[in-house]
Amino acid sequence: MIRKTLTFCAIAALLIGLPTAARAADATRTPGSPTYTVTLTSNSSGTTWTGHESVSFTNPSADPLNEVYLRLWDNYHGSCPSTPITVTNVSGGTASALSVSCTALKITLPTPLAQGQNGSVGFDLSIVVPSGADRFGHDGAYNFIGNALPVLAVRDGAGWHLDPYTNNGESFYQLASDYRVTLDHPSSLLVPATGTSVDTPGSSGRTITTATATHVREFAWGAGAFTKTTGMTSTGVTVNVYRVSGISAASAASMMTTATGSLVAHAGRFGAYPYGEVDIVLDNNFWFGGMEYPGFVLDLVSSTALAHELAHQWWYGIVGDDEYNTPWLDESFADYATDLYRGITGTNCWNSVTWASSAERISNSMAYWDAHSSRYGTVVYTYGKCALHDLRRLIGTSAMQTLLHDYAASHWYGISTVADFKAAAQAATTVNLSSFWTTHRI
């Protein structure tokens with residue numbers, strides 16, 4: 001996400017699901033290999049969607065899996081217990097009451113899953129899109145539906161990750177998953193979405209859009225009478241630009257140029273874009289600059305913001321991370337990639353760094369940044385990318401290029417951690433980086 005203004009401030013506490021003594025001893029991330037199958041039907045305006053969702057998974061951990069948690073992230077946008085995301089008729093387990101401000105739903109499995117065993121849960125789903133030009137909201141007749149599908153929380157060596165929603169950045173920590181989402185909607189509405197879509201005729205005046213996506217962190221879509229323009233990168237990636245009525249064809253064409261150019265540049269540095277298609281949805285009224293989802297981007301008409309969101313396709317999308325606890329691993333890296341695309345070398349940018357307190361660090365979690373929201377953009381985005389520019393100057397441009405390309409390859413569809421990146425950076429140079437991490441507060 002790239003921010004236009006820091007107008008949203010929430011004090012958030014870091015919540016974890018289990019007491020220390022009960023946490024999983026095995027650090028293996030579970031549930032593994034999630035596969036989501038979703039069928040939804042919209043009302044005439046695309047503001048309400050109802051249907052069914054199921055998710056199958058395995059337990060790769062040596063520790064039994066007694067339960068799973070669904071994250072109903074967009075219930076942040078309601079007033080708990082009156083929520084825009086409603087899950088009913090749960091099968092495959094026993095649902096508890098909603099927790100974490102109605103954004104977490106525990107489902108106890110009928111019998112614990114041992115290592116290598118498979119499980120699945122299913123439920124009926126209702127989504128009501130609130131008013132507002134937001135990552136989950138509708139701007140008049142245009143709907144933006146990010147983070148609306150319930151997704152599995154992750155358990156790792158720290159236990160269950162049941163962090164609160166943050167509107168300042170992202171809370172989303174997801175393993176690479178497969179999605180098949182069927183959207184039954186009025187034919188007058190276009191539905192840009194994560195993955196590759198195929199349209200077939202539905203009942204009178206309706207279209208059924210089936211979107212398929214593999215190895216993605218999450219799934220998002222839009223619905224509205226957008227104007228659509230299609231292009232292609234020199235490497236064969238399809239780019240669709242969808243715009244609301246207030247955005248000109250010239251602006252859409254300019255954003256198409258940025259999209260195709262930046263996708264090729266990012267791929268050249270970090271590895272070929274694997275998904276085949278990107279949908280870019282433009283609206284002038286977003287309070288943020290842009291928001292990233294796999295193969296689906298919300299954006300103002302801003303070439304810098306768009307290059308940043310498309311860099312997120314690698315740094316958060318392909319190379320995942322715990323966005324709540326280590327936001328710098330995607331935001332700083334996406335901003336650094338944007339600088340490289342724009343030919344910005346970051347010369348002397350570390351020289352303007354001043355810290356607000358001894359507790360302020362580039363690698364702080366969103367719990368810290370929600371409590372110090374005025375510093376979030378400065379430290380995580382600006383200081384974070386300046387630290388990466390500084391690392392490049394220290395180890396050399398060639399070594400930095402190789403480091404990031406190889407790091408992406410070794411974490412492709414996996415999860416990046418601070419320790420992983422520090423180790424990879426140290427392995428890429430003979431310079432001892434201990435003082436570098438201390439100086440840059442990482």
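These figures come from a predicted structure and were not determined experimentally.
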Legend entry - Aromatic ring proximity, centroids under 6.0 angstrom, Trp315 and Tyr336: no
Legend entry - Beyond-backbone contact of Arg441 with Trp355, side-chain heavy atoms, under 4.5 angstrom: yes
Legend entry - Side-chain donor-acceptor contact under 3.5 Å, Thr166 with Asn168: no
Legend entry - Within residues 380-442 or reaching into it, pairs that qualify as disulfide (SG to SG under 2.5 Å) - sequence neighbours excluded: Cys349-Cys386
Inset, instruction - Quick one: closest heavy-atom pair of Arg217 and Gly317, and the distance? - result: NE-O, 2.8 Å
Inset, instruction - Using distance alone, with no hydrogens and no angle criterion, decide if Tyr179 and Thr37 have a side-chain donor and acceptor under 3.5 Å apart. - result: no
Inset, instruction - Kindly state whether the ring of Tyr36 and the ring of Phe219 have centres lying under 6.0 angstrom apart. - result: no
Inset, instruction - May I ask you to check whether Ser171 and Asp163 show a side-chain donor-acceptor distance below 3.5 Å? - result: no
Legend entry - Ring centres under 6.0 angstrom apart (Tyr142, Phe226): yes
Legend entry - Close side-chain approach of Ile85 and Phe136, heavy atoms under 4.5 Å: yes
Inset, instruction - Report yes or no: does Ser262 contribute a side-chain atom to a donor-acceptor pair with the main-chain N or O of Ala307 at less than 3.5 Å? - result: no
Legend entry - Pair Glu218, Tyr316: side-chain N/O donor-acceptor within cut-off below 3.5 Å: yes
Legend entry - Trp221-Trp49 aromatic ring centre distance below 6.0 Å: yes
Inset, instruction - May I ask you to decide if His215's main-chain N or O and Tyr275's side chain share a donor-acceptor pair within less than 3.5 Å? - result: yes
Inset, instruction - Determine whether the side chains of Glu331 and His312 contain a donor N or O and an acceptor N or O closer than 3.5 Å. - result: yes
Inset, instruction - Decide yes or no for Tyr76 and Thr83: does some side-chain heavy atom of the first lie under 4.5 Å from some side-chain heavy atom of the second? - result: no
Legend entry - Any donor-acceptor N or O pair under 3.5 Å, side chains His185, Thr209: yes
Inset, instruction - Verify, without hydrogens or angle tests, whether Ser197 (side chain) and Ala193 (backbone) share a donor-acceptor contact under 3.5 angstrom. - result: no
Legend entry - Ser177 (side chain) donor-acceptor with Thr35 (main chain) under 3.5 angstrom: no
Legend entry - Main-chain N/O of Ser434 paired to Thr438 side chain as donor or acceptor, under 3.5 Å: yes
Legend entry - Side-chain donor-acceptor contact under 3.5 Å, Thr214 with Asp178: no
Legend entry - Crowding at CZ, Arg180 (>12 non-hydrogen neighbours, <6.0 Å): no
Inset, instruction - Please find out if less than 6.0 Å separates the ring center of His77 from that of Tyr165. - result: yes
Inset, instruction - Find out whether Thr260 and Met232 are in side-chain contact, i.e. whether some heavy atom of one side chain is under 4.5 Å from a heavy atom of the other. - result: no
Inset, instruction - Answer yes if the side chains of Asn118 and Thr58 hold a donor-acceptor pair under 3.5 Å, and no otherwise. - result: no
Inset, instruction - Identify the heavy atoms of Ala133 and Phe288 that sit nearest to each other, and give their distance. - result: O-CE2, 4.4 Å
Inset, instruction - Could you pull out the closest heavy-atom pair between Tyr173 and Asp156, with the gap in Å? - result: OH-OD2, 2.9 Å
Inset, instruction - Would you confirm whether Ser332, through its side chain, and Leu329, through its main-chain N or O, come within 3.5 Å as a donor-acceptor pair? - result: no
Legend entry - Between Asn364 and Trp369: side-chain donor-acceptor atoms closer than 3.5 Å: no
Inset, instruction - Answer with yes or no after comparing the ring centroid distance for Trp314 and Tyr273 against a 6.0 Å cut-off, counting only values under it. - result: yes
Inset, instruction - Return yes if some donor-acceptor pair links the side-chain N/O of Gln426 with the main-chain N/O of Val431 below 3.5 Å, else return no. - result: yes
Legend entry - Arg71 and Thr103: side chain donor to acceptor below 3.5 Å: yes
Inset, instruction - Look only at the side chain of Ser254 and the backbone of Ala250, and say whether a donor-acceptor pair between them is shorter than 3.5 Å. - result: no
Legend entry - From CA spacing to verdict: salt bridge (Lys or Arg N to Asp or Glu O under 4.0 Å), Glu67, Arg155: CA-CA 10 Å; Glu67 70 277 323; Arg155 188 188 80 186; 5.2 Å; no
Inset, instruction - Please report the shortest heavy-atom distance between Asn147 and Tyr293, naming the atom on each side. - result: OD1-OH, 2.6 Å
Inset, instruction - Kindly state whether the ring of His440 and the ring of Trp350 have centres lying under 6.0 angstrom apart. - result: yes
Inset, instruction - Mind listing the closest non-hydrogen atom pair of Asn75 and Leu98 along with its distance? - result: ND2-CD1, 4.4 Å
Legend entry - Non-hydrogen side-chain atoms of Leu175 and Ile415 separated by less than 4.5 Å: yes
Legend entry - Within-4.5 Å side-chain heavy-atom neighbours: Arg269 and Leu404: no
Inset, instruction - Check whether any side-chain heavy atom of Asp139 sits under 4.5 Å from a side-chain heavy atom of Phe144, and report yes or no. - result: yes
Inset, instruction - Give the minimum heavy-atom separation between Arg135 and Glu170, together with the two atoms involved. - result: NH1-OE2, 3.2 Å
Inset, instruction - Please check if the side chain of Tyr383 supplies one atom and the backbone of Thr354 the other of a donor-acceptor pair under 3.5 Å. - result: yes
Legend entry - Exercise: do Thr235 and Thr233 side chains pair donor with acceptor under 3.5 Å: yes
Legend entry - Any donor-acceptor N or O pair under 3.5 Å, side chains Ser251, Ser248: yes
Legend entry - Between Tyr376 and Asp370, a side-chain donor and acceptor under 3.5 Å: no
Legend entry - Contact check, side chains of Val239 and Met256, non-hydrogen atoms, under 4.5 Å: yes
Legend entry - Distance-only donor-acceptor check, side chains Thr30 and Asn59, under 3.5 Å: yes
Legend entry - Glu360 and Arg375: CA distance, side-chain angles, deciding distance, salt bridge (Lys or Arg N to Asp or Glu O under 4.0 Å) verdict: CA-CA 9 Å; Glu360 189 170 82; Arg375 294 288 291 169; 2.7 Å; yes
Inset, instruction - Determine whether the aromatic ring centres of Trp328 and Tyr381 lie less than 6.0 Å apart. - result: no
Legend entry - Donor-acceptor contact below 3.5 Å, side chain His405 vs main chain Gln401: no
Inset, instruction - Decide yes or no on side-chain contact (heavy atoms from CB on, under 4.5 Å) for His389 and Thr345, but give the supporting numbers first. - result: CA-CA 7 Å; His389 282 299; Thr345 62; 5.5 Å; no
